[in-house]
Amino acid sequence: MKKLFITALMLPISVASIAFYGVNAQNTVPKSVNAENSNLSEKEQAKLDKELEGRVAGPARSCIQLRDQRNFKTISDDVLIFSSSKNAKTIYVNKPRNGCHGAKRHSLTYQRPDTALCNGNIASVVDFQANITVSSCAFGKFIPYTKTK
C-alpha cells in the first residue's frame, strides 16, 4: 500500500518535470546553430555553412562510391564531409551515429571497401602520436549537397 501511494504521488511530479524540461530544452539551443546540427559550436557551424553555401540537399543515400571518398574533411566529431575533389559539384555530409568522439583532433581511419562506403560501416579514431585507438563510430547516412550553379 505504501509503495502504491509513493508511486501515485511521484507520477504527477515526473510528468510535470518532463513537460517543463522538454519545453525549456528547445530554448537553450543557440540561435546560430540550427536544430539539425545542434552539437556544433559557432565556429564549426560557420565552417559547415561555408561548405554548404550554394548547394541544395538531396535525398539521403546509404552508400557513397569509392571516387567520392577522395577528399575528406572533419567539421566536428559529429559532422564529416566526403567528396571526389576539393571543388566537387556534390559533397556528402555524414553524421556518424552518436558522433565520432575525438575525430576532430585525431585521425579517422576506416577500411576502404572495394566499391562503396556505407551507412553502418565502422571507423576508428586513432591518435598516431600515442599509437592508440581513441574511439570508434559507425557512419550514418550520406546526405548529398549539390551546387546549384
Side-chain angles (χ1 to χ4, degrees), residues 7 10-11 13-149:
T7 303
M10 293 304 290
L11 184 61
I13 293 170
S14 298
V15 171
S17 296
I18 291 169
F20 174 77
Y21 286 110
V23 169
N24 286 324
Q26 296 171 354
N27 297 328
T28 61
V29 177
K31 290 180 181 177
S32 63
V33 178
N34 65 38
E36 185 180 345
N37 303 309
S38 60
N39 293 331
L40 299 179
S41 69
E42 287 184 32
K43 186 176 180 180
E44 292 166 340
Q45 183 66 49
K47 189 175 177 182
L48 179 60
D49 290 345
K50 185 177 178 185
E51 291 290 330
L52 300 181
E53 187 177 333
R55 297 178 186 272
V56 176
R61 295 185 182 179
S62 294
C63 300
I64 59 172
Q65 297 303 312
L66 190 59
R67 69 178 173 273
D68 294 320
Q69 301 170 43
R70 291 182 187 143
N71 191 44
F72 170 77
K73 292 181 185 178
T74 304
I75 300 295
S76 73
D77 289 352
D78 299 314
V79 179
L80 311 172
I81 295 179
F82 293 88
S83 63
S84 60
S85 67
K86 284 186 178 185
N87 297 319
K89 182 177 179 179
T90 301
I91 63 173
Y92 298 90
V93 175
N94 189 280
K95 294 184 179 185
R97 300 172 189 172
N98 301 317
C100 204
H101 179 72
K104 188 173 176 188
R105 62 185 170 275
H106 298 295
S107 299
L108 188 73
T109 64
Y110 58 93
Q111 192 92 29
R112 275 213 170 162
D114 292 337
T115 56
L117 179 63
C118 296
N119 176 23
N121 287 152
I122 304 296
S124 296
V125 178
V126 179
D127 180 343
F128 283 112
Q129 289 182 328
N131 198 26
I132 60 170
T133 299
V134 177
S135 68
S136 62
C137 56
F139 289 110
K141 291 206 174 201
F142 296 86
I143 314 268
Y145 285 85
T146 304
K147 287 182 183 176
T148 56
K149 295 179 183 179

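Residue indices begin at 1 and follow the sequence shown. Predicted, not measured: the structure shown is a model, and the values here were computed from it.
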Side-chain donor-acceptor contacts of residues 75-84 below 3.5 Å, not counting sequence neighbours, with atom names and distances?
from	atom 1	to	atom 2	distance (Å)
Ser76	OG	Asp78	N	3.0
Ser76	OG	Val79	N	3.2
Asp77	OD1	Ala103	N	3.1
Asp77	OD1	Lys104	N	2.8
Asp77	OD2	Gly102	N	3.1
Ser83	OG	Asn71	ND2	3.3
Ser83	OG	Ser85	O	2.9

Let me have the donor-acceptor pairs involving side chains of residues 122-129, under 3.5 Å, with sequence neighbours excluded, atom names and distances please.
from	atom 1	to	atom 2	distance (Å)
Asp127	OD1	Gln129	N	3.0
Asp127	OD1	Ala130	N	3.2

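Here the straight-line distance linking atom CD of Glu42 with atom CG of Asp49 works out to 11.0 Å at 0.5 Å rounding. Taking CG of Asn121 as the reference point, atom CD1 of Ile64 lies at 10.0 Å (rounded to 0.5 Å). For the atom pair NZ of Lys141 and CZ of Arg97, the computed distance is 9.0 Å after rounding to the nearest 0.5 Å. Going from atom CG of Leu48 over to atom NZ of Lys73 covers 11.0 Å, rounded to the nearest 0.5 Å.
Arg55 places a side-chain N or O within donor-acceptor distance of the main-chain N or O of Lys89, the cut-off being under 3.5 Å.
Shown here for Pro59 and Pro144, the closest heavy-atom pair between the two residues is O-CD, 3.2 Å. Between Tyr145 and Ala57, the closest heavy-atom pair is CE2-CB, 3.4 Å.
A side-chain hydrogen bond (donor to acceptor under 3.5 Å, both in side chains) check over residues 56-66, counting only residues at least two apart or in different chains, returns the pairs Arg61-Tyr92.
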Checklist line | Derivation and outcome, side chain to side chain contact (heavy atoms under 4.5 Å, CB included), residues Asp68 and Phe142 | finding: CA-CA 11 Å; Asp68 294 320; Phe142 296 86; over 6 Å; no

Item checked: Steps toward side chain to side chain contact (heavy atoms under 4.5 Å, CB included) verdict (Leu117, Asn94) -> CA-CA 11 Å; Leu117 179 63; Asn94 189 280; over 6 Å; no

Item checked: CA sep, side-chain torsions, deciding dist, call: Val56, Thr146, side chain to side chain contact (heavy atoms under 4.5 Å, CB included) -> CA-CA 5 Å; Val56 176; Thr146 304; 5.8 Å; no

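Under a cut-off of 6.0 angstrom, the local environment of NZ in Lys147 is crowded, with over 12 non-hydrogen atoms contributed by other residues, nucleotides or ligands.
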